[in-house]
Each structure stands twice: as C-alpha cells, then as structure tokens.
Number of protein chains: 2
Amino acid sequence: MSETEPRADRAEQPDRPEQADRATEQAERGPSTRPHTGRRRNEAAHRAILDAALHLLADSDGTPVTIDAIARTAGVGKQTVYRWWPSKGAVLLDALTDRADQDVHGPDTGTLRTDLRAFVATTFDAAQRSTTASALRTLAREAARDPHLAELMQTFTATRRTALRELLSRGRERGELAGNADLELIVDQVYGVFWYRFLLGHGPLDPATAERLADSLVTGNAGD
Amino acid sequence: MSETEPRADRAEQPDRPEQADRATEQAERGPSTRPHTGRRRNEAAHRAILDAALHLLADSDGTPVTIDAIARTAGVGKQTVYRWWPSKGAVLLDALTDRADQDVHGPDTGTLRTDLRAFVATTFDAAQRSTTASALRTLAREAARDPHLAELMQTFTATRRTALRELLSRGRERGELAGNADLELIVDQVYGVFWYRFLLGHGPLDPATAERLADSLVTGNAGD
DNA sequence: TGGTTGTCGAGACTGCTAGTCTTGTCAAGC
DNA sequence: GCTTGACAAGACTAGCAGTCTCGACAACCA
C-alpha cells in the first residue's frame, strides 16, 4: 500500500458481508433495524489488513506478528483492525483461511492405501509451501498463548480431520481396516506426527515419509 | 517459606555445583582463579525458587507463570532469580526436571509388543499425574514463545526418545520389526499422538489407548 | 443545505510482563 | 577493617495487546 496515494475509498462497491459477520453481529439486533447511515465501511482497508497480516505472517520467521505492525503495514489505524476482528489471533487466522481453500475433500480412489497416501502427502505438502509454512507456524505459536485463537484453529482443522476420518471410514466399510479399528486414533497419528515434526522441525515431512506413514497405519511395521 | 523467620543461610553446607554450572561458568575462567570471597550463595533461596516455580506451574491452569510471582512466592528478589538462571523458561524447566527422575530406561520383557505397550502406557500415565500435567502443559505453552526454552525442552525429551528408539531397535534385531522399518517415524508417532492429545485434550490418553497405539505400530490396523 | 451517524487514520493511553539496574544490607574471608 | 559478592526490594525500560479519544469525512435523511 503506497503512502503517497491517499486511500481510495470504494464505498460504491456492494458490501461483501461474508467477512464481516463476526464483527457486525451487534449491529444486526433484529430484522427491523433502521437502515444504515453514516460512512460506509472501507473494503480496501479491510483487504489491506488481511494482506498485511498474511504478508507479515509469511515473512516473520517465527517471531510474533504485532497488531501495530499489521496496522502500520496496511496503512490503517489500530482501531480499524479491532473494529472488525475481536483479537489479534482472529486477524491472523482470517488472513490464513482467506488464502486456504477451505473445502477439503479426501481423494477417493477405491483403495484405502492409495487414498491415505495421497491425503497424507497432500497435507504435508500444502503445509510446507513457503508462503504457508511460516504463517502456520507463527499461528500455532500464537495459539499456544491465546485460547480464543486456539479454539478458532480447532474448528479450522476440524474440517480436515473430518475428511480424513471419512476416508478411513470408507476403507473400513470395504473391509480394508479392522472393524474395531480406532479411527480417531489413526487420525491423531497422522496429525500428531504432522504437527510434531512441523513445529519442532527435527524430521522430514516429504512424500517418502507420507508414504511410509500411510502404509504403516494400514499394515504396521512388523517383520516377516 | 515463612516470612516471619529470617532466611536460614546454610553457607556451611558444601556447594552443590550441579545446579550452578550455567551461572557460575564466568567465575571459573581457569584453574588459577583466586579462591571465593564474599558472601556465599544461599542454598535455601535456591530451593525456595525451584519450589515456588513448581508450585506455581502445578497450580496455574494454563495461565502463564510470571517471574514476579515466582520471586514473591519464594520470598526472594527478582535479581536473585536472574543471577542463577538465564531466563524464565530455564527456571521453569529446571523446576520440572528437578522433580522428574531423568534416568529413563525402557522396559525389556523380551517381546516388542509388551515392551512398547508398557513404554507408551507409562509415558501417558506419567505426564498426566496431576502434579505434572498442568506444569508440563504450561511449560509447553511457554516453549512456543521462547526459543531458548524450546531448545532446553528438546534436550530434555531427547532422553526419552532415545530410550524408545532403543526399545524399537531391540525388537527389530529380534525380527519383530521389518528390517527397513523407520524407527524415527514410529517414535514420532508415539510422541506426536501424545503431545497432540495432551495439549489439545480432544482425546483420551488412557491405558486402552496406549495399548491400541502400541499394537497399531507393530501390526497396523488392516482388516482380515 | 445542514444534521446525524458511523468509519477512517493517528496516536495517546492502560495494563501486563521480561529482563536490567540501583540501592542499601549483610556475610565470608583476607 | 576492608573487599567481595550474594541478598531483598523495588524502580526502571522496552515491548505488546487492547482501549480510548480526536478531528476528518462520507453516506444518508429531512
């Protein structure tokens, strides 16, 4: 965002309420609320905040991202940030989900082993794309201190966990998993390894690892 | 620690350098250093700090423990804390390791499956003892922000990882694991699931889970 | 046109915390 | 008695989240 050019207010654009529902709920007390008066919300500022947050998340190498930095980078007052998001964590998560395609659907090749291999490999790969990785790491660190953000992140990851659980469930129905297999535990083995290695960085999260993990979950590691 | 009774200095006790090596290294420049003069270190204050830290860690329900609180609880000046430990994280970790018996040796029953079951069950159980659990959780949260503490924790957990790896290695030598089994990945599945569930608390870490996890690592989850 | 409402950028302000620095005290040894 | 270094107390700095205030200004209404 340039500092020489004054901010272009695009109030003539139609409102895009999908981003504002959390913040404007106190303004929507009932259906008989009087129509909006006053200056319209500046969509450009809104985008600039999300962009700045994502940019800083991606750049910061683990160092926490401050609200001051976001506001300054976006060329925006801090109050404008807090008008639309309840906390720093909410801004960060919104910035990240804004980028991520939220509709996760597991692959369905007809075989559990290949489905699982693909799912795990995709998960590992998506998280490590350079734009995302640093952002996700910073977000996880922030979530450790901010219970509100932790809760938001759990609903965010729940989508992916569900997709994996359904993939496993299909396999179990086909008899590829034991009838009493603990699907929740398998899900946690995948995401446990993922987060553990992702945050500590002591082991690889490459396609070969994904394949070994998927195979081990199905057939184990026993010798002949 | 009572505030009516003046602190009992026990300077006549021999120094116990195992706790002080980090802080006094600058005083041990060479073998020809002149002998110690000045007031002796107060061992009672040292213990009081560790006890206060452990007490606060155990009590705090996720809320961060402050240095001020530790010093006040111990009846000690903040500077006394920083004289002996380089950072807050170091105090917290020291307080926890002081309690934990560091010599971890995996069981050796002669069978991988039973060894692994026992190791996992013990790990789950030890971490969830009420005194330890809250402390460990708080410590992990602090480590998310404090790289120095994160490093200390990694060396702390390395002992346990090694014990598990050796347990697996013995099993592999007996042919109970495939010759090409990725031991490091198995270790990470155990500790990944552990930390994931321990920190998020969305699933159980009970003996039944330990048994299922251990079995799944050996023989997998495939149906008949 | 002028009044009301609500957003805007800017930045001062509060409250909290980690870590440093200062001060006056006191014990150990020379 | 002098030096050295630990001690408790607490002032102080710096960084950050979140709140509050201000003057400007845009949208809508009468």
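First the proteins, then the strands, lettered A, B, ... as listed; each starts at 1. Hydrogens, waters and symmetry mates are skipped; everything else that's a heavy atom, side chains included, is used.
- You'll find that the side chain of A:W84 is closest to C:dC8, out of C:dC8, C:dG19, D:dC7.
- Distance from the side chain of A:R41 is smallest to C:dC8 among C:dC8, D:dA6, C:dG29.
- For A:T66 and A:Q79, each mapped to the nucleotide of DNA chain D holding its nearest heavy atom, the one lying further toward the 5' end belongs to A:T66.
- Annotation: the span from B:L56 atom CG to B:T66 atom OG1 amounts to 7.5 Å, rounded to 0.5 Å.
- With rounding to whole Å, A:N42 atom CG is found 19 Å from D:dA24 atom P.
- Between B:R39 and C:dT25, a side-chain N or O to OP1/OP2 separation shorter than 4.0 Å is absent.
- With distances taken from any side-chain atom of A:T80 to the nucleotides D:dA17, D:dA24, C:dG9, the minimum falls on C:dG9.
- One can place CG of B:D68 at 11 Å from P of D:dA11, the figure rounded to the nearest angstrom.
- A 4.5 Å side-chain heavy-atom check between B:W85 and B:H46 finds at least one atom pair inside the cut-off.
- If you check every strand for non-hydrogen atoms under 4.0 Å, A:V65 touches sugar and phosphate atoms only.
- What separates CH2 of A:W85 from C1' of C:dT7 is a distance of 14 Å, to the nearest Å.
- A salt bridge is defined here as a Lys NZ or Arg NE, NH1 or NH2 lying under 4.0 Å from an Asp or Glu carboxylate O, and A:D146 with A:R141 fails to meet this definition.
- As rounded to whole Å, 12 Å separates atom C1' of C:dT7 from atom CD1 of A:I49.
- At whole-Å resolution of the value, CZ in B:R145 and C1' in D:dA17 are 10 Å apart.
- Taking 3.5 Å as the limit, the base of C:dG19 and the side chain of B:K78 contain a donor-acceptor pair of atoms between them.
- Taking every side-chain heavy atom of B:R83 into account, D:dA6 is the closest of D:dA6, C:dT7, C:dG19.
- Comparing D:dA8, C:dG9, C:dT20 by their closest approach to the side chain of B:V76 singles out D:dA8.
- Between the OH atom of B:Y82 and the C1' atom of D:dC12 there is a distance of 14 Å, given to the nearest Å.
- For the pair A:H46 NE2 and C:dC8 C1', the interatomic distance rounds to 15 Å; values are reported in whole Å.
- Classified by interplanar angle (parallel below 30°, tilted 30° to 60°, perpendicular above 60°), the ring pair B:F124/B:F194 is parallel.
- The existence of a salt bridge linking B:D206 and B:R197 is excluded, since no basic side-chain nitrogen approaches an acidic carboxylate oxygen closer than 4.0 Å.
- Following rounding to the nearest Å, A:R72 (CZ) and D:dC16 (P) show an atom-to-atom distance of 9 Å.
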